[in-house]
2 protein chains.
Amino acid sequence: MLQTVQKAAQVLRLFTPQQPEWGVTEVAAALEIPKSGAHALLRTLAAEGLLQRTGNGRYRLGWTLFELSQTLLDSSSLLRAARPIMERLVAGWGETTHLAVLVDGQVLYVEKLQGDRALEIVLSGVGKRLPAHCSGVGKVLLAHQPWENVLRIVETTGLISFTPNTITTVEQLREELERVRQQGFAYDQEEVMVGLCCAAAPIRDESGQVIAAMSLSVPAYRFYPNRQRLTTAIVDAARRVSEELGYYQEDWAWGNGKRSKSRSSGLATSVLT
Amino acid sequence: MLQTVQKAAQVLRLFTPQQPEWGVTEVAAALEIPKSGAHALLRTLAAEGLLQRTGNGRYRLGWTLFELSQTLLDSSSLLRAARPIMERLVAGWGETTHLAVLVDGQVLYVEKLQGDRALEIVLSGVGKRLPAHCSGVGKVLLAHQPWENVLRIVETTGLISFTPNTITTVEQLREELERVRQQGFAYDQEEVMVGLCCAAAPIRDESGQVIAAMSLSVPAYRFYPNRQRLTTAIVDAARRVSEELGYYQEDWAWGNGKRSKSRSSGLATSVLT
DNA sequence: TGCATGTGTTCAGGTATACTGAACCCGCGG
DNA sequence: CCGCGGGTTCAGTATACCTGAACACATGCA
């Protein structure tokens, strides 16, 4: 682990919408390193275009990051595959869909399409992070991580409580993730915000790895009566995206793990891991 | 200059839409460093989320870059200010507008809005780079760089020729940039592609620094007859974006550099530097 | 099935590299 | 005019990184 690079990455992570501009002294204080060290980091990052100097010797994020992000989006088929399906989902339900990935233990929202019947969800937003233990997408993503990873995440970030329904103990989380893995989808039943629920399902790439999760967010009073239909909808949509990415559900009933395009559009059949 | 960070940045820059996935050996070959070194770089970058490991031990760009890019866009008022004005420009002219910044000597396109009368410009694209000496936005951006910077850029990337009109000598470039600086806008008269012209103007932030350039791209046969109107349009649009960013043209006629909101919408008056 | 080749990965030691802390500018406000 | 707070520079030292070879692992071919 190259510590210098680690520190450079730490520096980059300091820049947030709340504080998009940092000076040498501030960075030094934040990372608890001497000023000269912070200066060297900022200077080289700026020289590489990952940061840019403002006139007064302070620093902001640099356009190279935009460029890299664009090539990421360009080369990742995820968004390209998911967007049309999300659009259809929104058109059909009028609710809000989210697409999210896991980045060091937290949920990062990659896309968000708001429906016309939907309530404005302020918490989530494209490019924003949220803890994973409380949302539908978060639980789906955690469920397909090795348990030791989950433990490490929980130990560092804790299980913050947002509502009375939020999972707050490791034991609860273990059971819930087990359930999610078994059934192939997750619910968020007012666990992050009272009155807000969602159903979420995993998206797999051609190797079968879960690389993202998709969800349909619904006000509680519309969620409980329609839970069944919602579930099939999101599971089906996620499966369709997965297929777009080259994944075909192993048809284990026929044994041998022979790959056969399974077009069953029924309710989530349990998926091997 | 922290060499380790420099190398890390070099690694990131290797990832392109053409080759979005790299292995240890490939990186080692590309940077001419031993495998173990490349391994260490990739590993730490992945641990920091700037890269992600695919199943087979190869690497792709990581979602943290997307996150950082979003906070960049969020905190940079440039795009927010420019987009509506670009939209109006496109609506009025039916041509294509570009918004670009300079990133280590090259033009990086940040936004591109295509008009309905416009021809498809394949060369440019959001997140793509192009050499600076041949496009309108490029010349505007170079014109407001210290000349020694420009020299360094030219020495490293050269003056590649795209069409018979492309600037190919340093002397030509010096004169052209001088002219651009004087008049406050630049033309691209079929310098990058035969049959394609554009007019470009600088965008300044509140400190007066030129941070971006905006252009209107037009087929040659529509460009030459309308050059005057095009020029005022793009200069005016760019000025409006600059004002949105907090810049007000120094009204030097009244002396003392006293800041006064100048609402002149006439043709580009020459701007102090 | 077995071998050969190409991966990604690990490790120990020498050396170049990054960190330290104090001193230096420079602009701003009192 | 001076003091303060920022960013910047610099020499010496300790340390963190680079090296190169060996390892583990997968893949393809015979």
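Both backbone and side-chain heavy atoms feed into the values below; hydrogens, waters and symmetry mates do not. Per chain, numbering begins at 1; letters A, B, ... match sequence-line order. If you're wondering where the values come from, they're calculated on a predicted model, not measured in any experiment.
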(message) Between R129(A) and D104(A), does any NZ, NE, NH1 or NH2 come within less than 4.0 Å of an OD or OE carboxylate oxygen?
(response) yes
(request) Give a yes/no answer on whether the side chain of K7(A) brings an N or O atom under 4.0 Å of OP1 or OP2 in dC19(C). (result) yes
(message) Nearest to the side chain of L2(A), heavy atoms from C-beta on, is which of dT17(C), dC17(D), dC19(C)?
(response) dC17(D)
(message) Let's see if you can work this out: which of dC19(C), dT9(D), dC18(D) has an atom nearest to the side-chain heavy atoms of H39(A)?
(response) dT9(D)
(request) Using a cut-off of strictly less than 4.0 Å, decide whether Y59(B) has a side-chain nitrogen or oxygen near OP1 or OP2 of dT7(C). (result) no
(message) If I take atom CG in residue L41(B) and atom P in nucleotide dA16(D), what distance separates them, rounded to the nearest angstrom?
(response) 17 Å
(request) Please state how far atom CD in Q6(B) lies from atom P in dC17(D), giving the value in whole angstrom units. (result) 15 Å
(message) Applying side chain to side chain donor-acceptor pair (under 3.5 Å), can you list everything that pairs with N56(B), at least two apart in sequence or on another chain?
(response) T54(B)
(request) Answer yes if the side chains of E178(B) and Q182(B) hold a donor-acceptor pair under 3.5 Å, and no otherwise. (result) yes
(request) Run the salt-bridge test on E243(B) and R239(B) with the 4.0 Å N-O cut-off and return the result as yes or no. (result) yes
(message) If you apply the rule salt bridge (charged side-chain N to carboxylate O under 4.0 Å, His left out), what do you find for E26(A) with R58(A), and how did you get there?
(response) CA-CA 10 Å; E26(A) 292 169 306; R58(A) 297 167 66 76; 3.1 Å; yes
(message) Is there a side-chain contact between T4(B) and the phosphate of dT17(C), meaning an N or O under 4.0 Å from OP1 or OP2?
(response) no
(request) Output yes when R13(A) and E48(B) qualify as a salt bridge under the 4.0 Å nitrogen-oxygen rule, no when they do not. (result) yes
(message) For P17(A), run the side chain to side chain contact (heavy atoms under 4.5 Å, CB included) check against L73(B), T71(B), L72(B) and tell me which one passes.
(response) T71(B)
(request) Return the residues of residues 42-53 of chain B meeting this criterion: a heavy atom under 4.0 Å from some atom of DNA chain C. Order them by number, or give none. (result) R43(B), R53(B)
(request) Select from R58(A) and M1(A) the residue whose nearest nucleotide in DNA chain D is closer to the 5' end of that strand. (result) R58(A)
(message) Heavy atoms within less than 4.0 Å of DNA chain C: which residues of residues 9-36 of chain B have one? Give them sorted by number.
(response) G23(B), V24(B), T25(B), K35(B), S36(B)
(message) Contact between L65(B) and L65(A) at the side-chain level, heavy atoms closer than 4.5 Å - yes or no?
(response) yes
(request) Grab the two heavy atoms, one from K139(A) and one from A186(A), that are nearest each other, plus how far apart they are. (result) CB-CB, 4.2 Å
